[in-house]
Every structure is written in C-alpha cells, then in structure tokens.
There are 2 protein chains.
Amino acid sequence: MIELRHLRYAVAVAEEGHITRAAAGLGIQQPPLSQQIRALETAIGAPLFRRQPRGVELTAAGRAFVDRARLILRDVDLAVEAARRTSRGEEGQLAIGFTSSAAFHPFVTGVMREMRERAPAITLSFEEASTGELIEAVEADRLDAAFVRSPSERLEGLTITHLLDEEMLVAVPDHHPRARKDTRRRISLAALADEPLILYRRPTGPGLYDSIIAACRAAGFSPKVAQEATRMVSTLSLVAAGLGISIVPESMARLETTGVAYLRLDRAAGLVAPLALARKKGPASGTLGRLLGIVSRRVKDRAGA
Amino acid sequence: MIELRHLRYAVAVAEEGHITRAAAGLGIQQPPLSQQIRALETAIGAPLFRRQPRGVELTAAGRAFVDRARLILRDVDLAVEAARRTSRGEEGQLAIGFTSSAAFHPFVTGVMREMRERAPAITLSFEEASTGELIEAVEADRLDAAFVRSPSERLEGLTITHLLDEEMLVAVPDHHPRARKDTRRRISLAALADEPLILYRRPTGPGLYDSIIAACRAAGFSPKVAQEATRMVSTLSLVAAGLGISIVPESMARLETTGVAYLRLDRAAGLVAPLALARKKGPASGTLGRLLGIVSRRVKDRAGA
DNA sequence: CAAAATGCATATCTATTGGATATGGATCGA
DNA sequence: TCGATCCATATCCAATAGATATGCATTTTG
C-alpha cells in the first residue's frame, strides 16, 4: 500500500538526485530509503529513478509521479490547515437568527460586523423570526444561535445568555399633545391608560408583547389594544398614521421615523426589553465559539464602560 | 506523521458514520481503527468526529478535512496511473528528427500518424535538419530518435537501425529530350555524365550528396555539379527551371512538381537512398519504446508484403 | 594503474507501531 | 432493568520501518 511516506521520500530523492544525501536530509539511513523507493517502484510497477554511477535521476514516469506527489503533499498540508482553521472557528458557516426588534440593535450589528472582520472565511447566514420560532430553530439545529427577547421560559437543552436590558420608549404621533411637552420628562405608564395601543406580535410564541401587557396590568390598568402588527416597523407606521401609540425598544428609535415622537417611561414602569443569546447546550462548534467569544467580550466591555 | 492510511480510514468512517462498520469494511478490527482515528485527530489538533451513542458523525472540521482527503486519495491513484502510463509509453513526449528527404517518405509519415492514433497522450515534437546535425542532436539527448539517410559512419553510443532502401530517381525538366522517350525505360548513370547536376547539401555532415558523387565515380565519370541547394524542395524547383537535372529519392516524386519529369535508373547504378532510425544506445524510454515498436512492426510488414 | 572514494544494493537485526483480542463503560431500546 | 449496541482502553503479537554492516560497481586520484 502506497503511503505518504513513499511520496515524501520520492520527492526528496528527486530533489537531491541522490539517495544517500536525501536520506541524510530525511533523518534516516541510506539503505531503508533505497528499500522504500524500491517498494514504491514495485507498487507502481514502473521504475521512477535511473540509477546512475554518481546518483540517481528521474525517469519520465518518475517525473510524472513526483510532480503530482509534490502537489499531493501540499494538499495534505492544506487539508490539515483547513481542519484546524475550521476547528478554531476561522472557517465554516454560522446561521444566526434574531427577532425583528433585535436586528437593529447596535450590539447585534456590531457583533456581526466584527465577525465579518475577524473571521472573513466564515459564511454567515441570517434569519429573522419571532423569539418563539427562533428558539425552535435553535433546538432543531437549523440555527446555531439567535438573538432573542425576553428569555422568559427556560428551555431544556438550550443555554440562554442574558446580554443587556434595553429601555423601552413610548412612540406617539408627533402631533400628539404629549409630544409637544418636554420630551425629556419621563412619564408613567398609567398616564397612557386611555391611549389606544398598537402592538407588535408574531403569530407564534412569546415576546415583548406579553411583557408590555404585564407591565400595564402592574401599573393598574388594562391596555386597549387597538391594533396588532406583524412587523415591528409597521407598528411605527401605524403610530405615525395616528392610529395610536406604541411601546418599542430604544434601538427602534434609530430608524427613520418621520411623524413619530418618542417619550421616555418612568423607571417605575419596570419595562425593559432584554436582549439574550440562545444556543444549544453543550460545547460550541468552532464558528459558534468564535461568535460567543466576540459576544461575551462585548458584554464585558459594556459593563466596564 | 500523517499517512494515507489515516485519510483512508477517516473517509471510511465518515462514509459509514460508524467505526465498527467501517473497520469491517476496511478489513481490520474496531479498536485499531479507533486508535488511528484518534491519532489523526491528535496530529491535526482538532476533533474530526463527534462520538454519538449510536455511531459517530463528522464535525465541521472533520467535514473540511474528509472532503479534501477524498480528493487527495483520488489524486494519488491518478499519480500512480500517470506514472504507469508514462512508463508504458502511452504518455509523455517524444522529440523526433528527420532529414528533409525523409520527411515526405510514406514510411515516416505513416509511423507518425500511427503514433498519434495509438498514443494520443504523447506530445510529439519534430525537427528537420541534416543527417549530421540529427545524429549530433540524438547524441546530446535533444532528440529521442531521428530518421536519417546513409548511416555510413557507425557512431559509438548510437544504435542505428536500417529500415529500408529507397530507389532514387533522376529528376529532369519535362521539356528535356529524355523525358519525351519512354519514361518506363531505365537509363544508366553514365548516360547522364554530361548533364549539369543540381544537388542538395546541408552545410554540415554527410548525406545523400556523398552517395551520389560516389555512385557517379563508380559509373566512370565525375559529375558536373552545377548548383547546390540547401533545401531538397528547392532542388526540384531548379530542375523545373531548366538549370539541370537531379537525383532524388523516390518519395520526393510525390511532391507536386510541375515541370519536372522522373526517370528510373538502371539497377546497376547501385544508387539507393537508405532510410535508418538513429537513437541512443541502451534501454529505450517508454515513449521511445512505443515508437520503436511501431517502426519495427512496419518494417516487418513491409518485408512480408 | 592501483588505491581510495563514492554511492547504491543486499543482508541481518532491532525497535516501532499497526493491528488483534479481551474487556470496560455509556447509551438506548425492550 | 436487562440486554444490545458501540466506542474506548488495555494488553499482546506481528509486520515492517529503520539501523548497522558489508558488498559491488564506477569513478576519481595520487
């Protein structure tokens, strides 16, 4: 059976044109090298070297073989390197999901940008869905990780890492009486008891929706849900159209939203939009490990700052 | 040190998704296979397989490696095959030379055509030169073989194989008085004693030139050499222009030669153009062996016919 | 021209290691 | 819970890669 050893030896002998010298270079003695070369020639069934009085030289068949052997040896090194890089998470692919409200958060976009820079050989794929759908996708290994909101339910088999809590803002039409007043003043949730509320809710699973309803109840009223939108951005359009007000994560205020004004909520409302990363329990793959590294470093930096 | 064995094993395990089953397929037991896989993983420095309760499955790094390993194993087979084919003379290159007078001989063109058909993977290269130059090129290994005329000098280190003797014809302008008579009748060399002779001679080395002069002397006269041309074809042009007559190998008569008529010579003239193959002494390379095989078969066929 | 040197091949021995057998331990299905 | 499945570990054996010693052919050198 031909082994890489035979290729390495044949290449060395071809380069030296000399068995004894090649043996020295390979760190073995001359006789074993002679034997291995002969064994290779026998396996191939053709002489690769012409034995000259002052050394050896390649036959035409030898040249054909050695030229290819060189490439093969290089390919083996490349294969090993590829495996190492893949293992270290510098190469491969990573499927990431996020809820629409997380997609615009600077933390998430920052992580993504850093991934692109630090590991350009990783092919990233993104998916937007509701928290519930994302959790399901992660469980089913369709996603490697997902940025989700309100990790309320602790799911078996998943690791959910809390990243940060984001303030929530009240979005009101800009002609709304409250938008006229000092927008820096915080208002209480209760002050919005009579306003028609527009909420974002995906067909499936939990999300910010429930947190908002719960917070209103805690503030002593039951919100009047005027509309439900399936995309977060449409929520804001409806607000701009004057159909009601809404409560959205702070990062949403970054979107171009003419016709919408944002009001800060009283801290007592206790309404925050948590951002968390969900992934399968167990050791992370190389590419996922790479992502986790970046995420945890940024969480730490954030805490320090 | 990573060996092809490791690649073969990794590919087998990846394909079966099962160490025990793969071991059976490889004709070894399960424990050594487990060991070899582990050794490979250690050498690479990354796990290639995830041990599952019901078998094993590739990690991302494993997939990256095994995909390449498959190609490498195929390349090794291809390298072996290429060496075998080259050795058998089905592949490689062959530099062949011939004198201008041999280039048109049907024997030579026939051999070349057969080479192309039988061993299309051999890259043929041709060179035209005088017999002397060709002999030199063969000695210096710039040519693998050469079709030459008059192997008069036995050169040390070369094997010169006589292939056939070709009749020589007298080329005369078609308005020449002799061309009017019965062209099938043979004439004697002596009858041409008074004709101005146009001969072909390369700057270097012996050739047909000397044979012709010698034959004339044997016929009892010294030829009047009117012109010397450096290309055989120009010789015929000069004949057509009426500058004199010439003596050329029969195969030259195949060229389109308006204005030239050919006369057969008396056998007593003993003027023949021998065709021989010159090559280095010693065992022939694969590609050259291929040529020699075709040549010798055709010589034999010719003798039989 | 003889002697030394060079360089591959052969012969024999040793040490490494690939592979076999036996067994343990974890997980899964009945 | 018991047996089946399947990988890992431990130990042993056998094949073979490689070491040492030597032979043989050719070439260089004094």
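Numbers restart at 1 for each chain; the letters A, B, ... are given by sequence-line order, proteins then strands.
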Under the 3.5 angstrom rule, does the side chain of A:Arg149 hit a backbone N or O of A:Ser101 as a donor-acceptor pair?
yes
Any luck finding a side-chain donor-acceptor pair between A:Ser34 and A:Gln30 under 3.5 Å?
yes
Please find the earliest and latest nucleotides of DNA chain D, in the 5' to 3' direction, that have an atom within less than 4.0 Å of any heavy atom of chain B.
D:dT5 to D:dA10
Please report the shortest heavy-atom distance between A:Leu158 and A:Lys280, naming the atom on each side.
CD2-CA, 3.9 Å
Considering only NZ, NE, NH1 and NH2 on the basic side and carboxylate oxygens on the acidic side, decide whether B:Arg8 and B:Glu15 come within less than 4.0 Å.
no
Once base and sugar-phosphate atoms are separated, protein heavy atoms under 4.0 Å mark nucleotides 14-29 of chain C, 5' to 3', with B, S and - as ----SBBBB----SS-
Taking 4.0 angstrom as the limit, do A:Glu3 and A:Arg5 come out as a salt bridge?
no
Count the heavy atoms belonging to other residues, nucleotides or ligands that lie under 6.0 Å from CD of A:Gln52, then report whether that count exceeds 12.
yes
Could you tell me whether the phosphate oxygens of C:dG7, OP1 or OP2, come under 4.0 Å of any side-chain nitrogen or oxygen in A:Arg51?
no
What residues form a ring pair (Phe, Tyr, Trp, His ring centres under 6.0 Å) with B:Phe98, not counting sequence neighbours?
B:Phe126
Take the protein atom CZ of A:Arg50 and the nucleotide atom P of C:dC8, then report the distance between them rounded to whole Å.
15 Å
B:Gln36 and B:His6: which non-hydrogen atoms are nearest, and at how many Å?
OE1-NE2, 3.0 Å
